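All ligand and atom numbering here is 1-based and tracks the order in the structure. These numbers come from a predicted model, not from an experiment.
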Amino acid sequence: MAHEKETIATWNKIAELYEEKFMDLDLYNDTYDAFCAAVGNRKANILEIGCGPGNVSRYLIQQEPDWHITATDIAPNMIALAQKNNPSANCFVMDSREIGKLEVQFDGIIAGFVLPYLSVEESRHLIADCKKILNNKGILYLSFVGGKTEDSGYQTGSNGDRIYFQYHSLQTIIQTLIDLHFEEPQVFTIAYCKNDGAQEMHTIILAQVK
Ligand SMILES: C[S@@+](CC[C@H](N)C(=O)[O-])C[C@H]1O[C@@H](n2cnc3c(N)ncnc32)[C@H](O)[C@@H]1O
């Protein structure tokens, strides 16, 4: 779809700006800590989906230097930054919609704010694909912005670049996880202050494979 191409081109273009703004943001650290605790203190194999400039992977590696991290993103410029920021990680370009093709099993998968760039159907597919490549008792971390699907649409940055933003229903995501045989998920809500000063509630979900 046209809006997908434009959204990906925008992510690629603003990679350095995103790095500047979000590389050291600590707002979500408690939820990353909860992910680390749920995976447990072991030599885990971890996949990051939509890694951006590698901010989340860098935090995970700082907490758990023994983890083996694979970090993926659809935007090549994001991957170049993620690899620079995480020399020990294996970073490569991959569309989240292709993740089911990976022939590796993971102990944990973290997808920070990727669902906002996937449709409801693509998000369901992503969760199903994650289930396929997670080990027994594996942990899935997802974050998104809750809201009505019909409010989804283009958001325009100060430089005029546009990104198509998809809101998701928490109930739908939880039901998808339950249908796919995850345990009842843990839900966190974090208030995020946008550039215009408005507050947006961000939802983070941690779910374990049964
Ligand atoms: C909001 S950033 C999140 C970066 C990082 N995970 C974080 O939480 O700060 C969204 C990232 O998702 C990537 N992305 C968007 N659509 C994607 C797709 N279909 N497959 C993989 N990555 C995608 C973008 O390129 C961007 O780097």
Does [X], backbone or side chain, put an N or O under 3.5 Å from an N or O of ligand 1?
{"X": "Val56", "value": "no"}
{"X": "Val114", "value": "no"}
{"X": "Tyr117", "value": "no"}

Quick check against the 3.5 Å criterion: does [X] have a side-chain atom that pairs as donor or acceptor with the backbone of [Y]?
{"X": "Asn86", "Y": "Ser88", "result": "no"}
{"X": "Ser143", "Y": "Phe113", "result": "yes"}
{"X": "Thr10", "Y": "Ile163", "result": "no"}
{"X": "Gln208", "Y": "Lys137", "result": "yes"}
{"X": "Asn12", "Y": "Ile8", "result": "no"}
{"X": "Asp107", "Y": "Gly138", "result": "no"}

Could you list which atoms of ligand 1 come closer than 4.0 Å to a heavy atom of [X]?
{"X": "Ala75", "answer": "25 (O)"}
{"X": "Glu48", "answer": "6 (N)"}
{"X": "Met78", "answer": "27 (O)"}
{"X": "Ser96", "answer": "18 (C), 19 (N), 20 (N), 21 (C)"}
{"X": "Asn55", "answer": "5 (C), 7 (C), 9 (O)"}

Below a 4.0 angstrom heavy-atom separation, can you tell me which part of [X], side chain or backbone, both or neither, approaches ligand 1?
{"X": "Arg97", "result": "side chain"}
{"X": "Asn12", "result": "neither"}
{"X": "Tyr18", "result": "side chain"}

(Q) Quick check on Glu16: does its CD atom have over 12 non-hydrogen neighbours (other residues, nucleotides or ligands) under 6.0 Å away? (A) no
Q.
Check this for me: Glu20, atom CD, are more than 12 non-hydrogen atoms of other residues, nucleotides or ligands nearer than 6.0 Å?
A.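 For Glu20, atom CD is not crowded (no more than 12 foreign heavy atoms under 6.0 Å).
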Protein heavy atom at shortest distance from [atom]:
{"atom": "atom 19 (N) of ligand 1", "result": "Asp95 OD1, 3.0 Å"}
{"atom": "atom 6 (N) of ligand 1", "result": "Gly50 O, 2.7 Å"}
{"atom": "atom 13 (C) of ligand 1", "result": "Asp73 OD2, 3.3 Å"}
{"atom": "atom 10 (C) of ligand 1", "result": "Phe113 O, 3.4 Å"}
{"atom": "atom 8 (O) of ligand 1", "result": "Gly112 O, 3.4 Å"}
{"atom": "atom 23 (C) of ligand 1", "result": "Ile74 CG2, 3.5 Å"}

Q.
Please report whether the ring centroid of Tyr141 lies less than 6.0 Å from that of Tyr32.
A.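 Yes; Tyr141 has its ring centre under 6.0 Å from that of Tyr32.
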Q: Going by the side-chain contact (heavy atoms from CB on, under 4.5 Å) test, name the single residue among Thr31, Asp30, Asp26 that passes it with Tyr28.
A: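 Checked Thr31, Asp30, Asp26 against Tyr28; only one passes side-chain contact (heavy atoms from CB on, under 4.5 Å): Thr31.
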Q: Report the C-alpha separation of Ile69 and Ile61 in whole Å, then their side-chain angles, then the decisive distance to 0.1 Å, and conclude whether the side chain to side chain contact (heavy atoms under 4.5 Å, CB included) test is met.
A: CA-CA 8 Å; Ile69 307 251; Ile61 290 167; 3.8 Å; yes
Q: Would you please determine whether Glu122 falls within less than 4.0 Å of ligand 1 on a heavy-atom basis?
A: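 No, that is not the case, since the closest heavy atom of the residue is not under 4.0 Å from the ligand.
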Q) Could a heavy atom of Glu4 be found less than 4.0 Å from some atom of ligand 1? A)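 It does not, in that no heavy atom of Glu4 comes within the 4.0 Å cut-off of ligand 1.
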Q: Evaluate the ring planes of His202 and Tyr192, with Trp represented by its six-membered ring, and classify them as parallel (under 30°), tilted (30 to 60°) or perpendicular (over 60°).
A: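 The rings of His202 and Tyr192 lie parallel, inter-plane angle below 30°.
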